[in-house]
K.L.:
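One structure, as structure tokens, below. Some questions next.
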Amino acid sequence: MKIKWPFAGDYDFNDLVVNYRTKLIEKDGQALGYKIEGELVGIGASYHNGFAVRLVQNSGSNIKRILRSQVNESEISLIINNEVQTHTVLEEGVNEAILIIMPDTWSYVTNQSGCSFFRTENGCYTSDKVSFTLSVSLNAGVSSVNAPKYTLDPFIFGASGYSHGQFLSSKDPRSWEVHLKNQAPTEKFNQSLFNYPGSDDASNNLFGYYFQSPNGLPWAIEVGAQWAHPKEKVDITHAYSEFKTFAESSGRESTLWFSSAKLENVVLRGE
């Protein structure tokens, strides 16, 4: 994910790198809950950002969403690095079911001595990854048909109490978000940030275009397999030669772009 949105910056896609998998727990046509497991594997920027997942799936005009009222808040369990978390996971003040996994990702990592970032620079790969397990129970009456099974909405937002650039100096950091391409922002997003003067974003509410450049390049990506993220300040198109074709074709071409990395430009999975 890119945390300098709506400005392109170095386009290295390692500002926040998270591996995760989701399981919908269901029985007799009823959705009982979700289990989301994963690990934080890279932070390539100094800004402080939170990581969250919204229980919504967009499939063309068919939008399936879980509401906050449909989640059993008392049975939410979040464990990070084997420690039970005490912050409010189910976000308050919204209608949507938004699960705050990490209010500030930097507060969960131990950076390697001499390294500016977390697992993105040459020689800075020995810091332990951050594991998490989130279990969410749904209230009775949610059918499996109406619950997103596979694709949820992971996103990042500005962490409270930290600067996120001059253009956000007078705004609530939580109102800044970055989502996957064409995934609409949440209720807490500040709509005035779209089409910000001098930005590189081409979001358009009228046409349902969100978080993409004028050329159709995304600000965040979701890869259906483990991949090796680019090293610090390496443009993703220099690490993966087919990525540009994939993105600009809206995923119709070069669908396996992530399988042909330029090895010297990425952080290998074993590192």
Side-chain angles (χ1 to χ4, degrees), residues 1-21 37-52 80-82 101-132 154-159 161-168 173 176-180 200 211 213 217-244 246-247 257-271:
M1 292 187 175
K2 292 293 301 167
I3 68 168
K4 290 188 176 180
W5 182 91
F7 308 104
D10 51 24
Y11 210 68
D12 54 16
F13 273 89
N14 65 19
D15 292 349
L16 183 68
V17 186
V18 176
N19 293 333
Y20 81 103
R21 58 186 176 274
E37 299 176 287
E39 56 185 8
L40 171 60
V41 301
I43 303 176
S46 57
Y47 285 148
H48 288 247
N49 296 276
F51 173 65
I80 298 180
N81 280 348
N82 298 317
I101 296 176
M102 297 180 190
D104 176 9
T105 55
W106 268 118
S107 68
Y108 293 90
V109 304
T110 300
N111 214 16
Q112 191 174 331
S113 177
C115 300
S116 299
F117 305 115
F118 178 66
R119 297 178 54 81
T120 64
E121 302 160 279
N122 281 323
C124 296
Y125 312 135
T126 62
S127 296
D128 290 336
K129 301 171 184 177
V130 180
S131 64
F132 62 86
F155 68 96
I156 59 176
F157 58 91
Y162 293 94
S163 170
H164 212 288
Q166 184 64 32
F167 82 109
L168 271 180
W176 177 95
E177 301 175 352
V178 174
H179 293 252
L180 301 174
D200 301 298
F211 301 102
S213 74
L217 294 175
W219 297 91
I221 55 176
E222 187 172 57
V223 182
Q226 283 197 341
W227 71 305
H229 57 271
K231 292 181 179 179
E232 195 61 31
K233 298 191 182 303
V234 174
D235 190 299
I236 191 173
T237 60
H238 297 159
Y240 292 93
S241 59
E242 297 182 30
F243 176 77
K244 189 171 186 290
F246 170 80
W257 62 269
F258 52 84
S259 63
S260 56
K262 193 171 183 179
L263 298 183
E264 63 269 30
N265 285 341
V266 299
V267 178
L268 299 178
R269 289 196 294 269
E271 293 180 316

K.L.:
Just so I know, are the side chains of Lys231 and Asn14 near enough to count as touching, which here means a heavy-atom distance under 4.5 Å?
P.N.:
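No, their side chains stay 4.5 Å or more apart.
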K.L.:
Would you check, one step at a time, whether the test side chain to side chain contact (heavy atoms under 4.5 Å, CB included) holds for Leu263 with Leu268?
P.N.:
CA-CA 7 Å; Leu263 298 183; Leu268 299 178; 3.9 Å; yes
K.L.:
Measuring from Ile43:CD1 to Tyr108:OH, what's the distance to the nearest 0.5 Å?
P.N.:
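Answer rounded to 0.5 Å: 11.5 Å.
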K.L.:
Could you tell me if the side chain of Tyr20 sits less than 4.5 Å from the side chain of Glu222, heavy atoms only?
P.N.:
yes
K.L.:
What's the shortest heavy-atom distance between Ala247 and Pro218, and which atoms?
P.N.:
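Result for this residue pair: CB-CD, 3.7 Å.
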K.L.:
With respect to Trp227, which candidate in Phe258, Trp257, Phe13, Phe243 satisfies the ring-ring contact (aromatic ring centres under 6.0 Å, His included) definition?
P.N.:
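Considering Phe258, Trp257, Phe13, Phe243, a ring-ring contact (aromatic ring centres under 6.0 Å, His included) with Trp227 is found only for Trp257.
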K.L.:
Might you point out which heavy atoms bring Val266 and Ala239 nearest each other, and give the distance in Å?
P.N.:
CG1-CB, 3.7 Å
K.L.:
Please check this pair: side chain of Asn111 against backbone of Phe117, looking for a donor-acceptor N/O pair closer than 3.5 Å.
P.N.:
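Such a contact is found between Asn111 side chain and Phe117 backbone.
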K.L.:
If we ignore hydrogens and angles and just use 3.5 Å, is the side chain of Glu121 paired with the main-chain N or O of Ser116 as donor and acceptor?
P.N.:
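Yes; at least one donor-acceptor contact below 3.5 Å.
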K.L.:
Does the side chain of Asp15 reach to within under 4.5 Å of the side chain of Thr120, using non-hydrogen atoms?
P.N.:
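Asp15 does not reach Thr120 side chain to side chain.
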K.L.:
Is there side-chain contact between Ser213 and Asp200, with at least one heavy-atom pair below 4.5 Å?
P.N.:
no
K.L.:
Under a 3.5 Å distance rule, please check whether Asn81 uses its side chain to pair with a backbone N or O of Val130 as donor and acceptor.
P.N.:
no
K.L.:
Is any side-chain heavy atom of Pro154 less than 4.5 Å from a side-chain heavy atom of Leu180?
P.N.:
yes
K.L.:
Indicate yes or no: at least one non-hydrogen side-chain atom of Phe51 is less than 4.5 angstrom from one of Leu16.
P.N.:
yes
K.L.:
Please answer whether the main-chain N or O of Arg119 pairs with a side-chain N or O of Gln112 as donor and acceptor at a distance below 3.5 Å.
P.N.:
no
K.L.:
Rounded at 0.5 Å granularity, tell me how far OH in Tyr240 sits from OG in Ser259.
P.N.:
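Those atoms lie 9.0 Å apart.
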K.L.:
Would you say the side chain of Ile156 lies within less than 4.5 Å of the side chain of Trp176, judging by non-hydrogen atoms?
P.N.:
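Yes, side chains in contact.
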K.L.:
Can you name the nearest heavy-atom pair linking Val41 to Val18, along with the distance?
P.N.:
CG2-N, 4.5 Å
K.L.:
Show the nearest heavy-atom pair for residues Asn265 and His238, with the distance to one decimal.
P.N.:
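In terms of heavy atoms, the two residues are closest at ND2-O, 3.2 Å.
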